[in-house]
Protein chains: 2
Amino acid sequence: MHFGYALRRAQIAAFDAFASATAGHPITPPRYTALVILEANPGISQSALGEVLGTARSGAMMLTNWLVARGLAERRHRPEDARAWGLYLTRRGKTLLGTLKRRVLDHDQRFGAKLTPAERREFLRLLGKLAP
Amino acid sequence: MHFGYALRRAQIAAFDAFASATAGHPITPPRYTALVILEANPGISQSALGEVLGTARSGAMMLTNWLVARGLAERRHRPEDARAWGLYLTRRGKTLLGTLKRRVLDHDQRFGAKLTPAERREFLRLLGKLAP
DNA sequence: GCAAATTGTAATGCTCTATAACAATCCGAT
DNA sequence: ATCGGATTGTTATAGAGCATTACAATTTGC
């Protein structure tokens with residue numbers, strides 16, 4: 001049995017859990033991750049966001065456009081650097097993220113409930129060794 | 001820590017191993033999987049191939065077109081059903097798959113070498129519980 | 001003060017995939 | 001035996017996602 005294959009199967013199952021958690025909202029994993037990053041790093045620039053997400057600047061811009069168009073995030077001028085925007089979650093974005101986080105965490109725990117608590121700890125430890 | 005997140009990170013690392021193994025060949029995971037399926041199921045139809053791959057019929061056809069254009073697979077008429085083709089690996093396809101399987105398996109084992117043999121067994125067992 | 005680097009933006013193209021429509025063929029109920 | 005429905009392959013089309021490139025505005029370093 002290949003690790004790559006087994007991992008892919010497990011990730012597909014985990015993605016299904018994510019899709020169930022975000023049903024009704026057009027939220028994809030990158031968009032969800034962007035919301036989490038904006039919450040944890042208020043005022044982050046688009047370039048920095050793209051770097052964290054592992055995508056190009058243009059991709060970060062399209063992602064930001066999407067969030068801004070739906071009123072989930074906003075761009076604010078930064079006094080110390082007129083080139084870069086500072087990105088912030090709006091109240092609506094914070095509210096949506098709060099809801100989604102609860103639902104995603106809930107589905108994630110349900111997904112992990114196929115393992116015993118000891119197995120969960122061990123599994124996460126082994127994942128940490130594989131992808132440091 | 002979310003399972004989905006940790007799994008995604010590990011799968012990215014495993015994908016890197018796959019990319020190293022197939023460097024120099026324009027082989028993607030779906031194409032590799034298609035070759036494996038064709039080897040194990042000679043004469044399979046395009047629809048069945050698409051179903052196993054979890055993609056639509058049109059996707060299976062473009063995938064098959066790609067394999068046929070490179071001489072890795074061929075379509076043969078089936079006497080019992082004039083609608084469907086039977087798909088087969090060519091000699092060249094079998095040779096390439098043999099080479100790739102060795103290299104992919106080698107890189108997969110190197111990827112798994114970050115764990116001890118006991119950890120490997122345990123990890124695959126837990127993956128099996130998560131994605132039955 | 002000026003060259004180089006950084007940031008955001010826009011335009012373009014590529015890849016992958018899904019969807020819908022169509023013809024040919026097979027299947028099953030009558 | 002026949003006719004309606006299902007299946008298969010095919011084509012065309014569209015859309016999402018992403019990278020690449022080029023450009024203007026701005027900052028930074030020498």
Quiz item: Can you tell which of C:dA18, D:dT8, D:dC18 lies closest to the side chain of B:A84?
Solution: D:dT8
Quiz item: Between C:dG8, D:dA19, D:dG9, which one does the side chain of B:S47 approach most closely?
Solution: D:dG9
Quiz item: Between A:G112 and A:R120, what is the shortest heavy-atom contact and its length?
Solution: O-NH1, 3.2 Å
Quiz item: Of all the choices, D:dT20, C:dA18, D:dT8, which nucleotide is nearest to the side chain of B:S58 once you look at every atom?
Solution: C:dA18
Quiz item: Could you give all pairs that pass the ring pair (Phe, Tyr, Trp, His ring centres under 6.0 Å) test and reach residues 24-59 of chain A, with sequence neighbours left out?
Solution: A:F18-A:Y32
Self-check item: B:R75 side chain near D:dT10 phosphate (N/O to OP1/OP2, under 4.0 Å)
Solution: yes
Quiz item: If you find the nucleotide of DNA chain D closest to B:I44 and the one closest to A:M62, which residue's nucleotide is nearer the 5' end?
Solution: B:I44
Quiz item: Got a sec? Which of residues 23-35 of chain A come in under 4.0 Å of DNA chain C, heavy atoms?
Solution: none
Practice problem: Apply side-chain contact (heavy atoms from CB on, under 4.5 Å) to the pair A:K101 and A:L105, showing each step before the final yes or no. | Solution: CA-CA 6 Å; A:K101 275 171 81 172; A:L105 194 62; 6.0 Å; no
Exercise. Report yes if at least one side-chain N or O of A:W66 is closer than 4.0 Å to OP1 or OP2 of D:dA16; otherwise report no.
Key: no
Exercise. Ignoring backbone atoms, establish whether B:Q46 has a side-chain N or O less than 4.0 Å from OP1 or OP2 of D:dT7.
Key: no
Exercise. Go along nucleotides 22-30 of chain D 5' to 3' and tag each nucleotide: B for a protein heavy atom under 4.0 Å from its base, S when only backbone or sugar atoms are that close, - otherwise.
Key: ---BBS---
